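Have a look at the structure below, then the notes.
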Amino acid sequence: MSEGFFMNIEYSSRAGRIPPYLFAELERLTAEKKKQGVDIISLGIGDPDIPTPKFVIEVLQEEVEKPGNHQYPSSQGERFYREAVAKWYFIRFGVELDPDKEVCNVMGSKEGIANIARAFVNPGDSVLVPDPAYPVYYNGATILCDGKPVVMPLLEENGFLPQYDAIPQSELKKSKMVYVNYPNNPIGAVASNEFLKETIQFALENNLILCYDNAYSEFTFDDYVAPSIFEFEGAKECAVEFHSCSKTFCMTGHRVGWAVGNEKATAGLKKIKSNIDSGCPMYIQKAGAAALASYTSRKRPEVVEKIMKEYEYRRNVLADGLNGIGVKCSKPKATFYVWARVPFGDSLSFVKKVLEQGVVITAGTGFGKYGEGYVRFALTQNEDKIKEAVERISGSL
Ligand SMILES: *Cc1c(COP(=O)(O)O)cnc(C)c1O
């Protein structure tokens, strides 16, 4: 499309404030490689390569046929769905939720993470966001509400946790919300219970809505079990937790998730959503509810366990392989990412060097400026491809 198509229409100032897409050039280089016939191995995007479990697909197929599921759903989620979410929280975390007041369906957690800000952030308000981080906190939530992102660096020397006492008081006074995400994308770091308790205290003391992104609570390895924020005292008074079927059940394409917790925060999100979307298709909600119902105890069901064992195995193959060729990384206890230090140069130049060998990875700077010096590998290829990727990367060192 030519520039002229837009004539004299300008982007809104908030759309103009979304930072330029860093990877346009990389995507062009990748497309060029493909055209040259190079068989690219992509460890770039965090999207499960394993298909959605069969029992979920069967529910989906059955439900899509029913005319009763062809009409407008409720944007907060049907009651059966909200009950399924509440039940899962009780079975998995021992947390009680009121399906009417404390649960809202979202069409993937990304949507909820962005939309909740519309209910609470006024132009000029500050929002505390980690860096490096999932870019939605900064852009989709804060910038698109004309808010001011205040960055909390996640540094290796602090265990990749934000330092709340380093945030200037002047910013804290203007802050409405804080986004926190553990197990963490892109780093793979996990948080201790002490840190989560500290986070709740910090939110309560500073009158902040704590937006806890728990997308990877089930995506854990080596006997590590991730908690819900609501396992800790005081969380219901300040927090809303975002989660979805996307990663746990390999359902990124189905767009089904939930926001749960603080009644006022949940109500705010429902109010916004009822004015923007008309809800997640009912057959998708049925599939989501069926996926959650596979949990019959705190332990992951066999079907999820199998998926996680596969990613755990790939993590070992990749991390051992990378360390073996001098690309330093630790084995994450959770998520399907390996966060590695670049052996030389900066993040972007290393990514380009690796791309020369036909392997796509993500520069740490794609997640914020504190990602400089790192790259992210997604474990979304099978063992053989991962081994070959390591082999190829060793050729670029
Ligand atoms: C994948 C991911 C999500 C989930 O996104 P959906 O919209 O639910 O598919 C949320 N937060 C983080 C940090 C993620 O990596």
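For ligands, and for the atoms within them, numbers begin at 1 and follow the listed sequence. Keep in mind it's a predicted model, so treat the numbers as computed, not measured.
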Ring centres under 6.0 Å, that's the criterion: do Tyr311 and Phe219 meet it? yes
Regarding Glu198 and Tyr164, do their side chains bring together a donor and an acceptor under 3.5 Å, going by distance alone? no
Side chain proximity check, Ser396 to Gln357, heavy atoms < 4.5 angstrom: yes
Quick one: look up the protein heavy atom nearest atom 12 (C) of ligand 1 and list residue, atom name and how far away it is. Asp213 OD2, 3.4 Å
Contact between Asn181 and ligand 1, counting heavy atoms under 4.0 Å? yes
Counting the benzene-type ring for Trp, do Phe160 and Tyr182 have ring centres under 6.0 Å apart? no
Pull out every atom of ligand 1 sitting under 4.0 Å from any heavy atom of Ala215, numbered as shown with elements. 3 (C), 10 (C), 11 (N)
Closest to atom 3 (C) of ligand 1 (heavy atoms only, candidates Met251, Lys110, Glu111, Lys247) is Lys247
Atom OH of Tyr72: over 12 foreign heavy atoms under 6.0 Å: no
Any Arg255 heavy atom less than 4.0 Å to ligand 1: yes
Out of all atoms in ligand 1, which are within 4.0 Å of some heavy atom of Asn185? Include the element for each. 13 (C), 14 (C), 15 (O)
Take every heavy atom of Phe242, measure it against each atom of ligand 1, and state whether any distance is under 4.0 Å. no
Could you tell me whether Gln36 atom CD has more than 12 heavy atoms of other residues or ligands within 6.0 Å of it? yes
heavy-atom search around atom 9 (O) of ligand 1 in the protein gives Ser246 OG, 2.6 Å
For ligand 1, which part of Ser109 has a heavy atom less than 4.0 Å away: the side chain, the backbone, both, or neither? both
So do Thr365 and Asp346 actually touch side chain to side chain, heavy atoms under 4.5 Å? no
